[in-house]
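One structure below.
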2 protein chains.
Amino acid sequence: MVDREQDVLRAASMYYLQDMKMEAIAKHLHTSRSTVSRLVKRARDTGLVEISLRPARSRGPGLGQHLASTWGIDAYVVPVPDQAPQVERLEQVALTTARLLSTWFDSNMILGIAWGTTLSAVSRHLPRKPTRGSAVVQLNGAANTRTSGVHYAGDLIAGFGTAFDAHVHHFPVPAFFDYAETKQAMWRERSVRRVLDVQHRADIALFSVGAVAGGVPSHVYSAGYLEPEDIAVLDAEGVVGDVCTVFLRADGTYSDIALNERATGPAPQELRRVPRRVCAVAGDNKVAPLRAALRAGVVTDLVVDEITASRLVAGA
Amino acid sequence: MVDREQDVLRAASMYYLQDMKMEAIAKHLHTSRSTVSRLVKRARDTGLVEISLRPARSRGPGLGQHLASTWGIDAYVVPVPDQAPQVERLEQVALTTARLLSTWFDSNMILGIAWGTTLSAVSRHLPRKPTRGSAVVQLNGAANTRTSGVHYAGDLIAGFGTAFDAHVHHFPVPAFFDYAETKQAMWRERSVRRVLDVQHRADIALFSVGAVAGGVPSHVYSAGYLEPEDIAVLDAEGVVGDVCTVFLRADGTYSDIALNERATGPAPQELRRVPRRVCAVAGDNKVAPLRAALRAGVVTDLVVDEITASRLVAGA
DNA sequence: CACCATTCTGCACGTTTGTGCACCACGGTT
DNA sequence: AACCGTGGTGCACAAACGTGCAGAATGGTG
């Protein structure tokens with residue numbers, strides 16, 4: 001066979017665009033129906049076929065529409081069983097996010113990503129969609145006192161990179177500096193500025209929110225990034241969670257929180273320069289930080305499971 | 001049931017985005033599997049679900065890629081059986097065009113359309129996709145010496161209008177004026193200017209090409225729009241076909257063709273102001289005019305069947 | 001209230017699609 | 001040349017899906 005991929009394309013086109021039965025396609029391609037089934041599956045897996053739903057804002061009333069109009073965002077509410085365990089909710093949200101992302105991201109674009117439990121789940125579900133001239137950039141540092149974070153955040157970013165055939169830009173700094181002065185100093189270094197520059201040109205940012213308290217603890221609070229006294233200070237300040245390692249209060253404010261001077265992620269104000277800012281959230285303990293993030297205006301596209309969404313609306 | 005459409009959405013989301021079996025979805029929705037099958041079908045029919053293939057330009061070599069790189073366009077080559085009759089080729093191209101169009105067109109956009117056999121076929125395959133604040137505008141007149149053209153072109157445009165819930169703007173002029181002076185005069189009228197103004201703001205233009213000679217004769221030449229002496233002049237000028245009633249020579253030139261002074265459609269130069277210009281073509285006799293249209297640079301997105309595409313490439 | 005028309009539902013069945021398996025073709029190794 | 005691993009194929013069966021049909025729910029009308 002001269003060109004295998006050509007058949008994948010033809011099969012997909014005939015199947016999805018022209019509603020032909022696999023039987024008929026098989027005859028056309030001089031092969032068996034089973035092979036056509038496999039060709040079509042392949043087309044889906046390699047991201048050649050994109051299946052998407054129109055976002056909530058253009059639809060009738062409902063949870064999604066409510067979120068959309070209340071916050072002025074596009075909301076994707078993922079249906080989940082009524083008492084689904086947190087893990088499953090996370091998994092479904094991650095799957096949906098992965099698909100949406102792969103329909104949005106394309107050649108010559110730059111994707112900025114944070115890291116954490118949610119993002120890691122997203123990366124596991126990414127379909128492969130080869131692009132050209134695109135890049136993936138890490139939005140905040142990952143090193144802490146115990147590890148360089150290279151493996152954890154590195155693998156994560158690499159996952160996005162290979163899914164899209166994108167260049168990857170790592171951000172080799174700790175999640176939090178110990179001294180704000182070090183950050184100031186580093187931010188003047190050209191190696192760091194290069195990464196910051198790529199971040200500023202990002203077309204899409206993908207992140208979740210971190211919760212200070214509750215069920216599945218965010219990496220930020222559990223992996224030795226913060227000292228006990230830091231956490232005590234956060235409590236005192238009324239912090240409910242973070243976006244890209246920048247801490248937020250319940251009302252969405254974040255300036256004058258001391259720790260943010262030492263954080264490496266983009267503050268909401270900077271983040272808002274990215275045209276499309278996708279936030280994927282699942283979990284009861286993330287309701288409060290999610291509301292804070294919405295108030296801070298950092299979200300343009302929200303992917304959230306039904307249960308979390310209804311708690312968000314209810315507790316408003 | 002409080003909200004029927006909500007279930008359509010949930011079902012589609014679970015089925016397409018989360019790969020759940022209909023059985024499982026049925027349990028969630030407290031209904032039967034058959035109902036879920038119907039919900040999902042409805043989601044497809046109402047355009048809530050969009051299925052699309054990545055265009056040729058980002059893919060490997062092949063007919064589509066060749067067209068894409070030769071002409072700098074996005075090409076969608078529709079696979080058809082080797083000896084498919086012209087009608088079937090047209091039908092398949094129309095189906096694919098209809099789908100693509102409905103993924104591209106959205107709220108607050110303006111769609112300009114020509115008319116003819118091909119466009120009529122496209123309108124038959126349009127899925128319903130309700131939008132808000134959008135409009136459809138007729139690009140060229142349709143009246144001739146025998147009918148006002150209102151029914152033919154009118155129904156066609158209405159079809160697009162209802163598919164998208166869009167306002168429709170008719171263009172109540174003949175396809176060709178008998179005297180160029182009349183056109184000049186009419187173009188100063190405010191009723192006409194209003195339509196021209198909408199045309200100028202179009203985000204997408206949809207048209208085919210007309211062929212002077214051959215198999216399925218274009219409406220333009222067969223429905224009494226032109227007098228025999230007009231056609232003789234066209235032959236003498238070396239005209240191979242038309243785009244929106246503007247005639248083109250094989251090399252894509254069109255100025256100084258007398259008849260174009262009396263045509264009502266936008267000339268290539270004006271047409272090129274529309275950001276996305278979709279051309280749907282099927283049929284051997286349309287190869288020459290298609291090449292002329294490509295040379296004139298009026299096409300950004302081409303939908304064409306495999307056979308026509310290969311003749312285009314071959315005879316270059 | 002009774003009536004009809006319309007729409008929706010679940011069932012049962014036939015159709016369409018997915019996949020484990022055995023097999024074959026090919027290129028690289030020993 | 002014999003060997004082996006990888007990736008592809010068709011078969012046959014199992015799983016998943018679509019749809020005609022008959023009956024239930026809904027919503028006007030007389």
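In what follows, every chain begins at residue 1, and chains take the letters A, B, ... in the order their sequences are listed.
Residues Leu95(A) and Gln92(A) have side chains in contact (heavy-atom distance under 4.5 Å, counting atoms from C-beta outward). Counting heavy atoms from C-beta outward, Arg10(A) and Ile25(A) have side chains that stay 4.5 Å or more apart.
Note: Tyr76(B) and Trp104(B) have perpendicular aromatic rings, judged against thresholds of 30 and 60 degrees for the angle between ring planes.
Taking atom CD1 of residue Ile25(B) and atom P of nucleotide dA16(D), one finds them 12 Å apart after rounding to whole Å. At whole-Å resolution of the value, CG in Leu39(A) and P in dG18(C) are 12 Å apart. Remark: C1' of dA16(D) and CG of Asp19(B) are 13 Å apart, rounded to the nearest angstrom.
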### Query
What is the per-nucleotide protein-contact pattern of nucleotides 17-24 of chain D, from the 5' end, where B denotes a base atom under 4.0 Å from a protein heavy atom, S denotes such proximity for sugar-phosphate atoms only, and - denotes neither?
BBBB----

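Salt-bridge formation is not detected for the pair Lys286(B)/Asp305(B): no Lys NZ or Arg NE/NH1/NH2 atom is positioned less than 4.0 Å from an Asp or Glu carboxylate oxygen. A salt bridge does not link Asp7(B) to Arg42(B): none of the charged side-chain nitrogens sits closer than 4.0 Å to a carboxylate oxygen.
Each end of the helix from dC1(C)-dG30(D) to dT30(C)-dA1(D) gets its own axis from five base pairs, and the two axes differ in direction by 20°, given to 10 degrees.
Summarising the geometry, atom CG belonging to Leu17(B) is positioned 9.5 Å from atom OG1 belonging to Thr97(A); distances are rounded to the nearest 0.5 Å.
The phosphate of dG10(C) has OP1 or OP2 within less than 4.0 Å of a side-chain N or O from Thr31(B).
Of the N and O atoms on the side chains of Arg44(B) and Tyr15(B), not one donor lies less than 3.5 Å from an acceptor on the other residue.
Under a 3.5 Å cut-off, the side chain of Thr70(B) and the backbone N or O of Leu67(B) do not form any donor-acceptor pair.
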